[in-house]
2 protein chains.
Amino acid sequence: MVQKSVAGPEIERLIQLLTKLPGLGPRSARRAALHLIKKKEQLLVPLADAMGVAVSEIGICSICGTVDTSDPCTICADPKRDSSVLVVVEDVADLWALERAGAVKARYHVLGGTLSPLDGVGPEDLNLTALVDRCGSGDFSEVILAISATVEGQTTAHYIMDQLSPLGVNVTKLAHGVPVGGELDYLDEGTLAQALKARTQF
Amino acid sequence: MVQKSVAGPEIERLIQLLTKLPGLGPRSARRAALHLIKKKEQLLVPLADAMGVAVSEIGICSICGTVDTSDPCTICADPKRDSSVLVVVEDVADLWALERAGAVKARYHVLGGTLSPLDGVGPEDLNLTALVDRCGSGDFSEVILAISATVEGQTTAHYIMDQLSPLGVNVTKLAHGVPVGGELDYLDEGTLAQALKARTQF
Ligand SMILES: [Zn+2]
Ligand SMILES: [Zn+2]
């Protein structure tokens, strides 16, 4: 129980739901709830609205697997991007990180995780069939595996390599600017840009 | 700008609003937004609903100044509490902390801050007139100042003491179990309970 019932079940429910956000513990969730209630017009009302819009309008891109309010997503629909390069990422957060780095203006494919037999994540749990289909179309002259340098990430990269090699597509990986054991999303943008520039043959 | 436009303005707006919550920086706000979108049915929908309920139903208690869905609030309306003791706190977060400590089942008065001339917070910015009115009614045999041991908190306590002494009401303060310079809301519950038990004459 987050708190004793001194403020009605509605506030307790708000606090309990906020506690489920990454980065907010019970104490910071209480502070966040109170901040929201105090800043009702400036923050609570707009945030409730933005979440309502997210509920009704945000979905998964049927081509690349990222989240967006349109399908195909903004990136898949952008005619100015290089359609011959496909960047494969684990997660939407990694896609966002690469876009912030601004190092490549190409297409993406979001796997939705990494292979992890211990956690019961197998190939069928990732967005892999669609990746093989996209790569088999012959549209891409290069597929960049922008995957974390963790054990699971590298296992996933090797699995993808095995799937794609019969298709004769040129597969590259990020340069070893990525710290071993590090997660992509936590890297600064300069390191990400460097790692992308110095990518090597897989 | 939180991120480049790769996911539509609706997601960017959600991230920007989340950044305004205490405890969430730009990076954790992005992660929180993504978490919400991925857990649409389990988290985003219920949280959007809970915020909508908060917008329409939560207000300020006209007696004590706390936040609640009813007015008078749950505490002010509770007939089982000791109506002869009034606990004065700076903030709703402090009221919640004292309730979690469970050391006193009395009435509360929320000031809404502390006097801080440097920040332009004067007596008229706090919920002080109502406090003097409540104490002048003769209902309370004891007024406990449960205020932080900061410079501003102690200035505020002395100001209140000056206002209440003509009324002949018995004013006490928390024992020096509260660390000097510490804020109430960050204290563990045992320390809070001890400080309350060992309260001294103001
Ligand atoms: Zn897409
Ligand atoms: Zn009240």
Q.
Assess the residue pair B:Ile60 and A:Ile37 against the criterion (side-chain contact (heavy atoms from CB on, under 4.5 Å)); give the C-alpha distance rounded to whole Å, side-chain angles, the decisive distance to 0.1 Å, and a yes or no.
A. CA-CA 9 Å; B:Ile60 307 290; A:Ile37 293 165; 5.6 Å; no
Q. Is there a side-chain contact (heavy atoms from CB on, under 4.5 Å) between B:Val53 and A:Leu14 once you walk through the steps?
A. CA-CA 9 Å; B:Val53 169; A:Leu14 179 60; over 6 Å; no
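A distance of 7.0 Å separates CG of B:Leu18 from CG of A:Leu21, quoted to the nearest 0.5 Å. In this structure, CZ in B:Arg27 is found 5.5 Å from CZ in A:Arg100, a value given to the nearest 0.5 Å. Distance check: A:Trp96 CH2 to B:Ile15 CD1 gives 4.0 Å after rounding to the nearest 0.5 Å.
Judged by distance alone, the side chain of B:Lys20 and the main-chain N or O of A:Leu43 form no donor-acceptor pair under 3.5 Å. Using modelled atom types, one side-chain atom of A:Lys40 and one backbone atom of B:Ile58 make a donor-acceptor pair closer than 3.5 Å.
When all heavy atoms are compared, the tightest approach of A:Ala32 to B:Pro22 is CA-CG, 3.9 Å. Between A:Gly52 and B:Ala48, the shortest heavy-atom contact is N-CB, 4.2 Å. Pairing each heavy atom of B:Leu44 with each of A:Ala54, the nearest pair is CD2-CB, 3.8 Å.
Between B:Asp91 and A:Arg31 no salt bridge is recorded (no basic side-chain N to carboxylate O distance below 4.0 Å).
With chain B as the partner, the residue from A:Ser28, A:Ala33, A:Pro46 showing the most heavy-atom pairs under 4.5 Å is A:Pro46. Note: A:Leu17 leads A:Leu24, A:Leu17, A:Asp78 in heavy-atom pairs under 4.5 Å with chain B. The most heavy-atom pairs under 4.5 Å with chain B, out of A:Glu41, A:Gln42, A:His35, A:Arg13, come from A:His35.
By the neighbour-count criterion of 12 heavy atoms within 6.0 Å, atom NZ of A:Lys39 is sparsely surrounded, having that number or fewer from other residues, nucleotides or ligands.
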